[in-house]
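Quick caveat, the model's predicted, so the values are computed rather than measured. If you read the sequence from its start, that first residue is 1, and numbering goes on from there.
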Amino acid sequence: MSTYNFDYLDELEAEAIHILREVAGQFEKPALLFSGGKDSITLVRLAEKAFRPGKFPFPLVHIDTGHNFEETITYRDQMVERIGERLIIGSVQESIDQGKVVEQTGKNASRNALQTVTLLDTIAKYQFDACIGGARRDEEKARAKERIFSVRDEFGQWDPKRQRPELWNIYNGKIHKGENIRVFPISNWTELDVWNYIRREKIDLPSIYFSHERDCITRNGQLMAASPFLNMDSDDIVERKQVRFRTVGDMSCTAAVESDATLIDDIISEISASKISERGARMDDKVSEAAMEDRKKGGYF
């Protein structure tokens with residue numbers, strides 16, 4: 001008899017593919033939320049394995065703050081062209097222009113929190129009943145509270161008390177009109193798992209994940225990419241640093257780490273030795289102890 005040798009990445013992959021197929025089977029209008037970061041890129045590879053040679057049963061949706069890293073947007077456009085899938089862009093700038101949100105002011109202003117309104121408007125416009133995302137439980141304590149199928153009410157809000165049991169990989173996608181589900185196929189993965197999978201699958205990533213020289217300033221103890229989006233003033237001293245980014249988000253809230261890691265193996269070694277999670281480089285998570293949970297209750301991804 002032939003034998004099958006599955007390692008832990010095979011098991012994680014199989015679980016994620018099963019979840020993606022459950023979404024396709026249970027929902028009428030799902031979408032895959034795509035940020036251009038490594039986790040959503042991994043989801044695209046998993047979707048290819050789940051549905052090829054057919055088309056994805058959902059579009060990719062990017063909520064664009066207008067303050068993204070140029071490398072991320074370039075990668076996004078090239079990837080969409082390569083895989084031939086539909087991309088929907090929700091614009092935070094349009095939400096600002098329409099008066100639906102008010103842009104923050106001050107030195108630490110960021111558009112990151114404004115994404116919630118744009119996301120909810122995009123969900124309503126296209127009537128999405130499920131939104132797939134790349135959140136992982138090891139990222140942040142609020143994310144560890146959510147199940148793989150996370151119910152959001154008609155206002156997009158998350159209530160921890162409405163969590164549903166998920167026994168034996170059985171997922172309940174039944175919702176009332178106006179509600180939607182946020183789905184996290186790689187919820188059981190860690191940052192290290194994602195990088196090991198990227199290495200195994202030989203997945204290309206935006207260049208900012210690897211060490212490079214960049215003009216930076218130090219703000220609130222974090223290295224931030226020097227940019228007009230940061231509301232820089234005379235107190236900000238620009239220094240040339242050798243850095244990379246562990247997580248990709250709005251330039252106004254995503255910090256870099258000093259690093260010489262130019263290869264995936266170097267990054268894996270670096271992460272293995274780190275005692276700080278990747279969300280430690282996100283300024284938006286430092287607003288309060290419950291910053292992420294408060295945003296999720298308000299409709300944030």
Side-chain angles (χ1 to χ4, degrees), residues 16-17 19-21 23-24 27 29-52 55-95 111-112 114-136 139 143 148 150 152 156 180-187 189 191 194-195 197-198 201 203-209 245-251 253-254 278 282 299-301:
I17 289 173
I19 293 166
L20 288 169
R21 288 173 175 167
V23 172
F27 298 97
K29 293 184 177 181
L32 191 156
L33 300 179
F34 184 80
S35 67
K38 68 184 184 309
D39 297 321
S40 58
I41 292 169
T42 296
L43 283 180
V44 170
R45 173 56 59 88
L46 292 166
E48 288 179 309
K49 292 199 172 190
F51 303 112
R52 290 292 189 247
K55 300 285 285 184
F56 291 179
F58 40 69
L60 306 185
V61 174
H62 181 212
I63 304 303
D64 185 357
T65 66
H67 289 175
N68 294 288
F69 289 91
E70 182 179 346
E71 297 93 331
T72 306
I73 299 301
T74 299
Y75 179 94
R76 179 200 70 187
D77 295 341
Q78 291 175 347
M79 188 206 71
V80 169
E81 182 177 1
R82 174 180 60 81
I83 66 175
E85 297 293 341
R86 181 186 179 198
L87 173 67
I88 293 172
I89 300 174
S91 170
V92 171
Q93 183 62 56
E94 287 185 8
S95 298
R111 286 187 174 184
N112 196 58
L114 307 185
Q115 293 181 87
T116 298
V117 171
T118 309
L119 172 61
L120 295 178
D121 283 350
T122 303
I123 290 172
K125 178 179 179 179
Y126 294 94
Q127 299 182 330
F128 294 132
D129 52 3
C131 292
I132 305 162
R136 307 185 323 271
E139 288 181 271
R143 285 185 167 169
I148 289 173
S150 178
R152 302 299 177 97
N180 68 83
I181 298 276
R182 308 290 169 88
V183 182
F184 309 115
I186 61 171
S187 183
W189 299 40
E191 181 186 12
V194 170
W195 277 105
Y197 189 74
I198 288 168
E201 297 294 311
I203 300 172
D204 290 329
L205 295 175
S207 59
I208 60 174
Y209 276 112
F245 293 85
R246 287 178 68 181
T247 179
V248 171
D250 190 297
M251 289 188 74
C253 66
T254 305
E278 64 186 286
R282 292 294 291 268
Y300 185 77
F301 170 63

For the CD1 atom of Ile89 and the OG1 atom of Thr118, what is their distance to the nearest 0.5 Å?
12.5 Å
Would you compute the distance between atom CD1 of Ile17 and atom CZ of Phe51 and round it to the nearest 0.5 angstrom?
9.0 Å
Kindly indicate, with the supporting measurements, whether the criterion side-chain contact (heavy atoms from CB on, under 4.5 Å) is fulfilled by Lys55 and Arg86.
CA-CA 10 Å; Lys55 300 285 285 184; Arg86 181 186 179 198; over 6 Å; no
For Pro206 and Ile41, which heavy atoms make the closest approach, and how far apart are they?
CD-CD1, 3.6 Å
Side chain Asn68, main chain Ile73, donor-acceptor under 3.5 Å:
no
With Ser207 via side chain to side chain contact (heavy atoms under 4.5 Å, CB included) - residues at least two apart
Glu71
Main-chain N/O of Lys38 paired to Tyr209 side chain as donor or acceptor, under 3.5 Å:
yes
Would you say Arg45's side chain and Glu201's backbone share a donor-acceptor pair under 3.5 angstrom?
yes
Heavy atoms only: give me the nearest Pro30-Pro59 pair and the separation to one decimal.
O-CD, 3.4 Å
Parallel, tilted or perpendicular: rings of Phe58 and Phe56 (30°, 60°)
tilted
Starting at CD1 of Ile148, measure out to CZ of Phe184 and round the result to the nearest 0.5 Å.
10.0 Å
Nearest heavy-atom contact between Thr72 and Ser35 is CG2-O, 3.4 Å
Using the side-chain contact (heavy atoms from CB on, under 4.5 Å) rule, take Asp64 and Val92 through it: C-alpha gap first, then chi angles, then the decisive distance, then the call.
CA-CA 6 Å; Asp64 185 357; Val92 171; over 6 Å; no
Quick one: does any side-chain atom of Thr254 pair with a main-chain N or O of Val248 as donor and acceptor, under 3.5 Å?
no
For Tyr75, give me all partners under ring-ring contact (aromatic ring centres under 6.0 Å, His included), at least two apart in sequence or on another chain.
none
Mind listing the closest non-hydrogen atom pair of Ala130 and Val23 along with its distance?
CB-CG1, 4.3 Å
Output, in order, the C-alpha distance, side-chain angles, deciding distance and verdict of salt bridge (Lys or Arg N to Asp or Glu O under 4.0 Å) for Glu85 and Arg52.
CA-CA 12 Å; Glu85 297 293 341; Arg52 290 292 189 247; 2.7 Å; yes
What is the distance from atom CD1 of Ile83 to atom CD of Gln78, rounded to the nearest 0.5 Å?
12.5 Å
Are the side chain of Gln115 and the backbone N or O of Asn112 linked by a donor-acceptor pair below 3.5 Å?
yes
Where Thr122 and Gly90 come nearest, the two heavy atoms and their spacing:
OG1-CA, 3.8 Å
Distance check, rounded to the nearest 0.5 Å: Ile63 atom CD1 versus Leu119 atom CG?
5.0 Å
Does a salt bridge link Arg76 with Glu81, judged by any charged N lying under 4.0 Å from a carboxylate O?
no
For side-chain contact (heavy atoms from CB on, under 4.5 Å), just list the numbers for Phe34 and Met79, CA-CA rounded to whole Å, side-chain angles, deciding distance to a tenth of an Å, and then say yes or no.
CA-CA 11 Å; Phe34 184 80; Met79 188 206 71; 3.6 Å; yes
Distance-minimising heavy-atom pair for Gly133 and Pro185
O-CD, 3.4 Å
Establish, from distance only, whether the side-chain atoms of Thr65 and Asp250 form a donor-acceptor pair under 3.5 Å.
yes
Measure the CZ-CG distance between Phe27 and Asp129 for me, rounded to the nearest 0.5 Å.
6.0 Å
Evaluate side-chain contact (heavy atoms from CB on, under 4.5 Å) for Val194 paired with Asp39, printing each intermediate quantity in order.
CA-CA 7 Å; Val194 170; Asp39 297 321; 3.5 Å; yes
